Amino acid sequence: PTPACEMRHSLQYVFSILPSNRSFSQRTSIHCHVNVCDLDMNEAKHVVLLYCLFENLLFTYVGKDRHSNIFCAPVIESHVIHPMHGFSKFDEYVGNWSKYTALNVCPVSTFGTFEFRQMHGTDDIDKLVNWCDILTRLVDHGSKISFKQIKELLATEHTEAAYYKLVRDFFGPASEHLDFSNLLNNISSGICQVRQMVHSMENKFIYRRDLKSPFLSWKPRETFTVGA
């Protein structure tokens, strides 16, 4: 695992030892693993909910037609979110997840991480460092926000100004790297999906307030594992 603050140096080293004539095909991707070992089950679900809210916006940063790639299918357009409505135990939820979605939660049971699969193959270090920053902020906010606050987010006024403030509040300076050209559609579609997920979670009484222990005793969340 690599601390986020050392990501640029680590990437520079990796690319310095790769062949200078390297190329990236459409089959190449870079997967970022963010440590979530210190999250309890409810916090992990909050991260997933926030991810779904912002998923379309995150795809605009990655680009390269990754939205239609079958190896990083959008979560909000797949079947994998539905088990979240019916399982009270996160390990059962993980067991019914597909690894070929843009957010893959399966590695939490082996590495203690959430895997983000969107990024295409690239040696653009600035783009990769910014991507890691965006993901870190997403997980950090997801671990701190309450279920009540998530529901309040769903009532955000449907205006470009309100959505812009929402993104700025969550991603801070990293939001400067995101594409706001289709902000209304990107955020509203996420809000619509998360609203359905929250409604189902409440109706099935699977939100648990007694889950305080972390998944595993592992390493700080600011660490990343980057794999191609």
Side-chain angles (χ1 to χ4, degrees), residues 1-15 29-63 66 72 74-75 90 94 101-108 110-146 149-150 153 164-180 186-187 190 194 214-228:
T2 303
C5 62
E6 299 178 9
M7 184 56 61
R8 180 176 297 277
H9 175 74
S10 297
L11 289 171
Q12 288 172 339
Y13 171 74
V14 169
F15 289 124
S29 60
I30 296 177
H31 303 163
C32 294
H33 289 248
V34 183
N35 190 354
V36 294
C37 287
D38 54 342
L39 306 190
D40 65 32
M41 295 182 187
N42 287 329
E43 291 168 344
K45 289 179 182 179
H46 296 170
V47 172
V48 173
L49 289 171
L50 283 184
Y51 170 81
C52 289
L53 195 159
F54 293 116
E55 182 175 57
N56 283 333
L57 186 63
L58 297 179
F59 267 109
T60 66
Y61 176 76
V62 176
R66 295 289 290 173
C72 60
V75 173
F90 198 81
V94 170
T101 47
L103 167 62
N104 173 25
V105 304
C106 294
V108 74
T110 52
F111 302 119
T113 64
F114 280 177
E115 177 190 32
F116 297 85
R117 301 172 57 90
Q118 289 101 317
M119 183 56 68
H120 55 87
T122 180
D123 53 8
D124 185 336
I125 293 178
D126 287 338
K127 187 177 184 70
L128 294 174
V129 170
N130 292 336
W131 179 235
C132 290
D133 187 22
I134 290 168
L135 299 181
T136 302
R137 292 173 185 271
L138 176 70
V139 175
D140 280 345
H141 277 285
S143 68
K144 298 171 183 175
I145 197 170
S146 68
Q149 289 173 316
I150 290 178
L153 289 179
Y164 178 79
K165 182 179 184 303
L166 175 66
V167 175
R168 288 285 299 178
D169 288 345
F170 271 88
F171 295 101
S175 63
E176 298 176 2
H177 308 299
L178 299 172
D179 182 356
F180 292 93
N186 285 333
I187 299 298
V194 174
F215 290 125
L216 301 167
S217 178
W218 208 49
K219 300 176 178 65
R221 185 166 59 256
E222 64 269 17
T223 58
F224 282 85
T225 300
V226 178

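For clarity, every value in this text was computed on a predicted model and none was experimentally measured.
Applying side chain to side chain contact (heavy atoms under 4.5 Å, CB included) to Phe114 and the options Asn104, Leu135, Val48 leaves one that passes, Val48.
With sequence neighbours left out, the salt bridge (charged side-chain N to carboxylate O under 4.0 Å, His left out) criterion links Asp169 to Lys165.
Taking the six-membered ring for Trp and the full ring otherwise, Phe171 and Phe54 have centroids separated by under 6.0 Å.
Taking each heavy atom of Asn35 and Gly112 in turn, the nearest pair found is OD1-O, 3.1 Å. Between Cys132 and Met7, the shortest heavy-atom contact is SG-CG, 4.0 Å. Ser29 and Arg66 get closest at one heavy-atom pair: CB-NH2, 3.2 Å. Minimum heavy-atom separation, Glu115 to Pro107: CB-CG, 3.9 Å. The minimum heavy-atom distance linking Ser143 with Val47 is given by the pair N-CG2, 4.0 Å. Closest approach of Val75 and Ala102 over heavy atoms only: CG2-N, 4.5 Å.
To the nearest 0.5 Å, atom CZ of residue Arg117 and atom CD1 of residue Ile30 are 13.0 Å apart. The NZ atom of Lys144 sits 12.5 Å away from the CG atom of Leu50 when rounded to the nearest 0.5 Å. One finds the CG atom of Asn186 at 9.5 Å from the CG atom of Leu58 (value rounded to the nearest 0.5 Å). One distance of note links CG of Leu166 with CG of Leu53; it measures 6.5 Å at 0.5 Å rounding. To the nearest 0.5 Å, the span separating CD on Glu55 from OG1 on Thr101 amounts to 8.5 Å. Cys72 SG to His31 NE2: the interatomic distance, rounded to the nearest 0.5 Å, is 7.5 Å.
Using a 4.5 Å heavy-atom threshold, the side chains of Lys127 and Trp131 count as separate. Counting heavy atoms from C-beta outward, Val129 and Asp126 have side chains that stay 4.5 Å or more apart. Counting heavy atoms from C-beta on, the side chains of Leu128 and Phe15 come closer than 4.5 Å. Side-chain contact between Leu153 and Ile145 is present, with heavy atoms from C-beta onward closer than 4.5 Å.
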What verdict does the side chain to side chain contact (heavy atoms under 4.5 Å, CB included) test give for Val167 and Leu57, after you've listed the backbone C-alpha separation in whole Å, the side-chain angles of each residue and the deciding distance to 0.1 Å? CA-CA 9 Å; Val167 175; Leu57 186 63; 3.7 Å; yes
Run the side chain to side chain contact (heavy atoms under 4.5 Å, CB included) test on Arg137 and Phe170 for me, step by step, so that the C-alpha distance in whole Å, both residues' side-chain angles and the decisive distance to 0.1 Å come before the verdict. CA-CA 7 Å; Arg137 292 173 185 271; Phe170 271 88; over 6 Å; no
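Side chain of His177 to main chain of Asn130: no donor-acceptor pair is present (N/O by atom type, distance under 3.5 Å, no hydrogens or angles).
Between Phe111 and His33, the ring planes lie perpendicular to each other; the angle is over 60°, past the 30° to 60° tilted range.
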